[in-house]
Every structure is written in structure tokens, then in C-alpha cells.
Amino acid sequence: MKNTVKKRVAVIGAGIAGLSCATHLQALGFEVDVFEKSRGPSGRMSTRQGEGWAADHGAQYFTARDPLFNHELNSWIENGIVDRWNPNIGVFEEGRWRESSSNESRYVAIPGMNMIGKYLARSLTLHLNQTIDQLLPTNDQWQLSSKESGLLNSVFDFLVLALPAPQAAALTKALPNEIQAICNSVHMDGCWTVMARFSARPTFPFDAAFVNGETISWICRNQSKPFRDGQESWTIHASAKWSQENIELTPEKASTQLLACAKKLGLDCSEAEISLHRWRYASGFVNPSPEFISLPKFKLGVCGDWLNGGRVEGAWLSGHKLAIQIEKM
Ligand SMILES: Cc1cc2nc3c(=O)[nH]c(=O)nc-3n(C[C@H](O)[C@H](O)[C@H](O)COP(=O)(O)OP(=O)(O)OC[C@H]3O[C@@H](n4cnc5c(N)ncnc54)[C@H](O)[C@@H]3O)c2cc1C
């Protein structure tokens, strides 16, 4: 007779990888709890909101190549969660501007990039403001402890870590070396982000721009994306190299240098209201990509963008494919 007792899985991290894994596990009949340290789901696909304004300050858009991901993307489009974005993109290199010749399809969540996380989380058991700080193997199961609540009551048959590599490494310090080694195998660079709000649209010839060889690597007008109302807001990302070398700067000093670079590139933010965000672990991935890691003998799985190319599509696929693997165990 088929065992009908639902297996319990804990997923740590409510970024797109963790949510993709959790939604598919739930669809496969598992009982899933997702633990997230922040106030909301989405992780690095997030949108900063203030009074009368919003700005995507993590992932800016995504592309889709894999058939599985395209299938999911189509359902997001049908449900009004995602739309195509057709910006006029500039490229700055070797000291001059040109128009981008790429005709790649770019997609954004609407009305902000965090909408996909909210949508995926809507039917999940999501525990917010829970920073998991200990993983405790007990009688062939897992128990968790969080910074906010101490030892949690529930026990789980399987554990999924859906965190940036350095955060997974910190959490698995007390576990066998085999687990540690994987999480320690990749370095992730930080990213300083400026969000600039203007009273009127500033003069700049593009909706978005890739910048090479400068302190800044990306400039984007949020209102060029579909369904973005509110105050005129622009997102500026520092390059991975500059961010990593300057990750410990004060926000004021980082902002001064980034705004000076923006002005040099033609975006004058001197009249804008400025907010800053520092992503400590923004980008980095293992090459060749294993897609996900499953360690059946520890009843543990690891997923995330860093195991599959470092972008939104890879993160979603990493979580989804780990869920398929867990079902086979
Ligand atoms: C500035 C920036 C720009 C980017 N631009 C693009 C882009 O244009 N296109 C693109 O495709 N990709 C882009 N990316 C990459 C993209 O955002 C990521 O690939 C993707 O969002 C990663 O998802 P994830 O689920 O693997 O990780 P994350 O989104 O990082 O999710 C991990 C989650 O775990 C939580 N967490 C961490 N530690 C704990 C703990 N101890 N307990 C509980 N919860 C914990 C975190 O709060 C987070 O919510 C960008 C990223 C950044 C930072």
C-alpha cells in the first residue's frame, strides 16, 4: 500500500530558488514550510518602496531560454504577473555611447520585480522574520533554530538550503565537511545600488544602459518598465569589481562616488532624493554548473542561482529541479 503520510520539508530562503522548490514540492504532495529572514519574500528580486515611489533595486529584468522556465513564464504572463519590457538601451564602452543592437526578449514582473516572489508565496506556509541560525540533525530528521524565536518545535524529513553560497556556508559550519565544502566553493561579489527620485524626468538619452569600464555598470529608468506609476525613479548599480573593492565604504562615500560617475555619464542626480542599498552577496556562480545539489544521506538539498549560472532563470530552474530530485528519493 502506498504510504500516504506527507513528508515535511523545510526550505530556508524565500528567494526565487527557494520559492520555486517549495511550490513544486507542495504540488508533488509534500508538506512544506519556508523560512525567510526578511519581512517579505523575493530575495534579490526585490523592489524598494517609499511614499509615492518604488524602484527595483535587485534584479532588473530576466530572460528565458529553457523550455521548463518558458512554460512557467507563460503562466506568469497569463496571470498578469509578468510583462515584456522593450527599453531603448544604451551601451557605454571605450569612452563613448552607442545603441544596443541586442533584440533579446526581456521580461519584468509587474508592478515591481518582487511580484513574482509574492505570487509564488501566496499558497505556501511562509515564516517571515525568521533568521535560521542553527540546523540540528535529530533522529534522522532536522530541527531548526532561529535568531528571533530560538528552537522551533517542528521537525522535518528533508531540508533545503536556498541561500547565497556564503550564507549557506555560515549555516552549515557545524555540519559534515562534505556539506561545508560545497557552500564554500564559490565567492560572491557585492553590489552597491543607488535609487534616485526626481521631481521630473531627467535628461538622459536611454531608458536603460549597460556601462563598461566605469564605477557604474547599469542605469535604469524604472518608469520605462510596464505598470510603474509614482515618482520618477532611477536605479544605478555599481560594477561588481568596484562594489567588491569598496564594500565597506559608508553609504555616504559610496553614494558620492557613484553619483559623480552618473553625472559624468550624463545622468545628473544633484536635485534627486537618494536612497542606497548594499547587496553583500549579489553575484557569483560555480562553473561548470551542477544546477542543484542533493545529499540524500544527509536528507539535505541546496539550490540557488550560484549553482546554475547566477541569474533569475537559473535560480528558478535550480529550485524546480531539486524538487523533482527530492521526490525521487
Ligand atoms: C543588484 C542585482 C542585480 C541583478 N540583476 C539581475 C538581472 O537583471 N537579471 C537576472 O536574471 N538576475 C539578476 N540578478 C540576480 C538575481 O537577482 C538572482 O540570480 C536571483 O534573484 C537569486 O535568487 P535566489 O533564490 O538564488 O537567492 P536570493 O534571492 O538571494 O534568496 C535567498 C533568500 O534567503 C534569505 N536568507 C538568507 N539567509 C537566511 C537565513 N539564515 N535564514 C532565513 N533566510 C535567509 C534571504 O533573505 C533571501 O530572501 C541581480 C542581482 C542583484 C543583487
Side-chain angles (χ1 to χ4, degrees), residues 10-22 33-48 55-65 69 85 87 89 104 106-109 113-114 116-117 120-121 126-135 144-149 152 160-173 183 186 188-195 208 210 216-218 220 225 235-240 243 277-285 292 302-320 322:
V11 176
I12 306 177
I16 191 158
L19 294 171
S20 150
C21 188
D33 286 73
V34 183
F35 297 88
E36 167 58 48
K37 72 177 172 130
S38 310
R39 280 177 298 158
S42 295
R44 280 171 280 157
M45 281 186 87
S46 55
T47 306
R48 174 78 62 90
D56 296 326
H57 65 311
Q60 297 292 293
Y61 66 88
F62 59 93
T63 50
R65 298 187 181 101
F69 186 62
W85 178 42
I89 297 192
E104 190 166 38
R106 296 182 167 86
Y107 299 92
V108 293
M113 287 302 277
N114 62 353
I116 294 177
L120 292 177
L126 179 60
H127 307 270
L128 296 173
N129 300 308
Q130 292 295 316
T131 310
I132 301 303
D133 59 3
Q134 271 190 82
L135 311 176
L144 308 175
S145 142
S146 84
K147 199 171 91 187
E148 296 79 3
S149 313
L152 305 178
V160 171
L161 303 181
L163 314 166
Q167 286 169 320
L171 206 49
T172 52
K173 248 187 200 140
C183 301
V186 65
M188 295 185 77
D189 286 323
C191 178
W192 276 105
T193 300
V194 171
M195 290 150 273
F210 292 107
I216 285 173
S217 65
W218 171 256
C220 177
K225 298 179 180 179
T235 300
I236 300 168
H237 285 153
S239 72
S243 295
H277 185 82
R278 177 179 61 182
W279 296 98
R280 197 168 269 283
Y281 306 116
S283 58
F285 56 91
F292 61 86
V302 188
C303 61
D305 66 334
W306 59 280
L307 290 162
N308 200 22
R311 308 198 75 74
V312 168
E313 177 178 21
W316 184 88
L317 283 165
S318 175
H320 187 84
L322 175 59

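When a ligand or atom number is given, it counts from 1 through the structure's own listing order. All of these numbers come straight from a predicted model, not from anything done at the bench.
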**Q.** Phe62-ligand 1 polar pair, N/O distance under 3.5 Å
**A.** no

Q. Counting both backbone and side chain atoms, is some N or O of His237 under 3.5 Å from an N or O of ligand 1?
A. no

Q | Heteroatom distance test (Ala282, ligand 1): nitrogen or oxygen, under 3.5 angstrom | A | no

Q: Just go through Ile132, Leu163, Leu161 and tell me whose heavy atom is the nearest to atom 42 (N) of ligand 1.
A: Ile132

Q: Can you sort out which atoms of ligand 1 are near Met45, meaning under 4.0 Å from one of its heavy atoms?
A: 21 (O)

(Q) Quick one, Ser145 with Asp133, criterion side chain to side chain donor-acceptor pair (under 3.5 Å). Give me CA distance, side-chain angles, the key distance, then yes/no. (A) CA-CA 6 Å; Ser145 142; Asp133 59 3; 2.8 Å; yes

Q: Just jot down the ligand 1 atoms closer than 4.0 angstrom to any heavy atom of Trp279, in number order.
A: 1 (C), 53 (C)

Q | Backbone or side-chain N or O of Gln60 under 3.5 Å from ligand 1 N or O | A | yes

Q) Any idea which atoms of ligand 1 are less than 4.0 Å away from a heavy-atom of Ile12? A) 42 (N), 43 (C)

Q) Between Ala17 and ligand 1, does any nitrogen or oxygen pair lie at a separation below 3.5 Å? A) yes

Q) Considering only protein heavy atoms, which is closest to atom 3 (C) of ligand 1, and at what distance to one decimal place? A) Gly58 O, 3.3 Å

Q) Which pair of heavy atoms, one from Cys183 and one from Trp306, lies closest together, and at what distance? A) CA-CH2, 4.0 Å

Q.
Below 3.5 Å, N or O to N or O, backbone or side chain included: is there any such pair between Thr131 and ligand 1?
A. no

Q) Taking both backbone and side-chain atoms of His57, is any N or O found less than 3.5 Å from an N or O belonging to ligand 1? A) no

Q: Check the side chains of Glu148 and Thr131 for a donor-acceptor pair under 3.5 angstrom, ignoring hydrogens and angles.
A: yes

(Q) List ligand 1 atoms under 4.0 Å from Tyr61, heavy atoms only on the residue side. (A) 7 (C), 8 (O), 9 (N), 10 (C), 11 (O)

Q.
Tell me whether Arg44 has any N or O atom under 3.5 angstrom from an N or O of ligand 1.
A. yes

Q) Are Trp85 and Tyr107 close enough that their ring centres sit under 6.0 Å apart? A) no

Q.
Between His57 and Trp279 (judged by ring centroids, cut-off 6.0 Å), do the two rings come close enough to count as a pair?
A. yes

Q.
Out of all atoms in ligand 1, which are within 4.0 Å of some heavy atom of Gly310? Include the element for each.
A. 15 (C), 19 (O)

